[in-house]
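The block underneath contains the structure these notes are about, expressed in structure tokens.
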Amino acid sequence: MSESPPRLRKVWPLLTGAVVAGVLGYLFFVFPYASGYGDFRMRVVTAMRFLWMDPDWTHGMLVPPIVLALLIYKRKQLFATVPAGSMWGLPVLILGFFVYWIGYRANVYYFGFAAGQILLAGAILWFLGVQYFWRLFFIWCFFGFTWPLNAVAQELQVAYHLRVVMVQISSGFLNLIGMENVVVGTSIQSAATGEAVQGSAYKLDVADPCSGIRSIFALLMVTALWGYLTLKEPWQRWVLFFSAPLLAIIGNFFRIMLLVFGSLAFGTDFAIGEEGGTSKYHFFAGIAVFVVALTAMVILSKFLKSGPKIFRRRHVVRNMGMGEKTVEETGG
């Protein structure tokens, strides 16, 4: 009789864990949750997989395996102590189930996505405790990239605003280097010169793919992961993370320039594609977006690591009383 309480304390977390896992598995993988704008209710996972088919959100399917890899890679640091569950997980779990219920009643699966994120936080707190939650905080936040937020992006008209920005930047640069152009809506066309009519040299419509919408959300995920793995200071990680929109603009600007100069050199059919289609050149220009953006990300991360060291070294040299000329030589 005296041994039953210790045994119960050992078995109880396993039993409750199995129950919670079973309930969450049923709610997200089996239960018909919402239809959105469709005709029948879908499971949360089915809705998520359907939205992943959108090229803007395909990166979401990579998040679960990345999270698993991070847990394995960082297991010694993350699980260095014995976990101790916290009662703070209970109200968080209740909140998650409440949000899930609201989404079911409102027939909106985006509430199901939010509920999944909240329930994950509640489970971590309930089984592992507050200390472990803060250790896993980045991984928990990173898991949020799993959920596609198409409706939010459409409501905020992210793609349209990016298209306007890309048109203004690209048109301004072309004018700066002496290539007169005309902006028509969200398209850039060669200006009429001599016998050449407007748009005869190149005519590029900055559509959603060229706006950066397909790269900005993926780059947010990549910069968060790269900063977590390579940078130590939180401010460095935040700077790199918030640079993702700028990196997307840089990459897509490079793409637009490839299409413009490709049209001038080889013709629009070769560079952009025939009416209703996309050429191979156009396709590889799209790949160049990520090559340029990721290269810029690596350069920025290296600067964030080395830049403050340079500034500190110059400060130390000045304190030693060395001259301005020596300071510049040492700092350079």
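Keep in mind the model is a prediction, meaning the values are calculated, not measured. For this chain, numbers begin at 1 and follow the sequence in order.
- Taking 4.5 Å as the limit, some side-chain heavy atom of Ile299 sits within range of a side-chain heavy atom of Thr295.
- Going from atom CZ of Phe217 over to atom OG1 of Thr58 covers 13.0 Å, rounded to the nearest 0.5 Å.
- Under the 4.5 Å side-chain heavy-atom criterion for grouping Ile, Leu, Val, Met, Phe, Trp and Tyr, Phe28 is connected to Val19 within one hydrophobic cluster.
- Ile72 and Val67 are assigned to two separate hydrophobic clusters, defined by single-linkage of ILVMFWY side chains at heavy-atom distances under 4.5 Å.
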Start with the C-alpha gap between Leu231 and Trp226, add the side-chain angles, then the distance that decides, and say whether side chain to side chain contact (heavy atoms under 4.5 Å, CB included) holds. CA-CA 8 Å; Leu231 300 175; Trp226 185 260; 5.8 Å; no
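- The main-chain N or O of Gly96 is never found under 3.5 Å from a side-chain atom of Gln117 such that the two would form a donor-acceptor pair.
- Interatomic distance, CD1 of Ile249 versus CD1 of Ile169, reported as 5.0 Å (0.5 Å rounding).
- Here the CG atom belonging to Leu204 is positioned 5.0 Å from the CD1 atom belonging to Ile272, to the nearest 0.5 angstrom.
- Taken together through direct or relayed side-chain contacts under 4.5 Å among Ile, Leu, Val, Met, Phe, Trp and Tyr, Trp235 and Met297 form part of one hydrophobic cluster.
- Proximity of Met257 to Leu174: side-chain heavy atoms (C-beta onward) are separated by under 4.5 Å at one or more points.
- A distance of 8.0 Å separates CG in Asn252 from CZ in Phe290, rounded to the nearest 0.5 Å.
- Cluster annotation: Phe283 is not connected to Val289 through the hydrophobic network of ILVMFWY side chains, with a link wherever side-chain heavy atoms come within less than 4.5 Å.
- In the displayed structure, Tyr73 atom OH is contacted under 6.0 Å by at most 12 heavy atoms of other residues, nucleotides or ligands.
- In this structure, Arg105 forms no cation-pi arrangement with Phe111, as its terminal cationic atom is not both closer than 6.0 Å to the ring centre and no more than 45° off the ring axis.
- In this structure the side chain of Arg49 never reaches within 4.5 angstrom of the side chain of Thr46, judged on heavy atoms.
- In terms of modelled atom types and a separation under 3.5 Å, the side chain of Ser279 and the main chain of Ala271 share a donor-acceptor contact.
- Of all heavy-atom pairs spanning Ala285 and Arg255, the tightest one is O-CG, 3.6 Å.
- Ring geometry for Phe266 versus Phe270: interplanar angle of 30 to 60°, hence tilted.
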List the steps, then state whether side chain to side chain contact (heavy atoms under 4.5 Å, CB included) holds for Asn181 with Val260. CA-CA 11 Å; Asn181 62 89; Val260 169; over 6 Å; no
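- When side chains are defined from C-beta on, Val108 does not count as touching Ile102, because their heavy atoms never get closer than 4.5 Å.
- A perpendicular orientation is assigned to the rings of Phe143 and Trp147, their planes being inclined by more than 60° (bins at 30° and 60°).
- Of all heavy-atom pairs between Gly89 and Leu125, the closest is CA-CB, 3.5 Å.
- The aromatic ring centres of Tyr104 and Trp101 sit 6.0 Å or more apart.
- Considering every non-hydrogen atom in both Met179 and Phe261, the closest pair reads SD-CE2, 3.6 Å.
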Run the side chain to side chain contact (heavy atoms under 4.5 Å, CB included) test on Phe50 and Tyr109 for me, step by step, so that the C-alpha distance in whole Å, both residues' side-chain angles and the decisive distance to 0.1 Å come before the verdict. CA-CA 12 Å; Phe50 176 77; Tyr109 39 72; 5.5 Å; no
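- The aromatic rings of Phe142 and Phe145 stand perpendicular to each other, their planes meeting at an angle above 60°, with 30° marking the opposite boundary.
- Note: Thr81 OG1 to Arg135 CZ = 3.5 Å, rounded to the nearest 0.5 Å.
- Using a 4.5 Å heavy-atom threshold, the side chains of Met221 and Val63 count as touching.
- Paired with Tyr100 under the rule side chain to side chain contact (heavy atoms under 4.5 Å, CB included), one option of Val44, Leu95, Leu24, Ile118 passes, and it is Val44.
- Between Thr146 and Pro64, the shortest heavy-atom distance links the atoms OG1-CD, 4.0 Å.
- Between Tyr110 and Phe113, a ring centre-to-centre spacing shorter than 6.0 Å is recorded.
- Side chains of Arg41 and Asn107 form a contact here, defined as non-hydrogen atoms less than 4.5 Å apart.
- A heavy-atom distance below 4.5 Å is found between the side chains of Leu220 and Phe241.
- Nearest heavy-atom pair across Ser171 and Val183 is OG-CG2, 3.4 Å.
- Using a 4.5 Å heavy-atom cutoff, the side chains of Leu70 and Leu225 are in contact.
- Put simply, CZ on Phe127 and OH on Tyr132 are 15.0 Å apart, with the number rounded to the nearest 0.5 Å.
- Judged by a 6.0 Å distance limit and a 45° cone about the ring axis, Lys74 is not positioned over the six-membered ring of Phe138.
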Applying side chain to side chain contact (heavy atoms under 4.5 Å, CB included), run through Val167 and Ile256 and close with a yes or a no. CA-CA 9 Å; Val167 167; Ile256 292 174; over 6 Å; no
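- The nearest pair of heavy atoms linking Pro148 to Trp52 is CD-NE1, 4.0 Å.
- Cluster membership check: Ile177 shares its hydrophobic cluster with Ile250, using side-chain heavy-atom separations under 4.5 Å among Ile, Leu, Val, Met, Phe, Trp and Tyr.
- Around atom CZ of Phe31, more than 12 heavy atoms belonging to other residues, nucleotides or ligands sit under 6.0 Å away.
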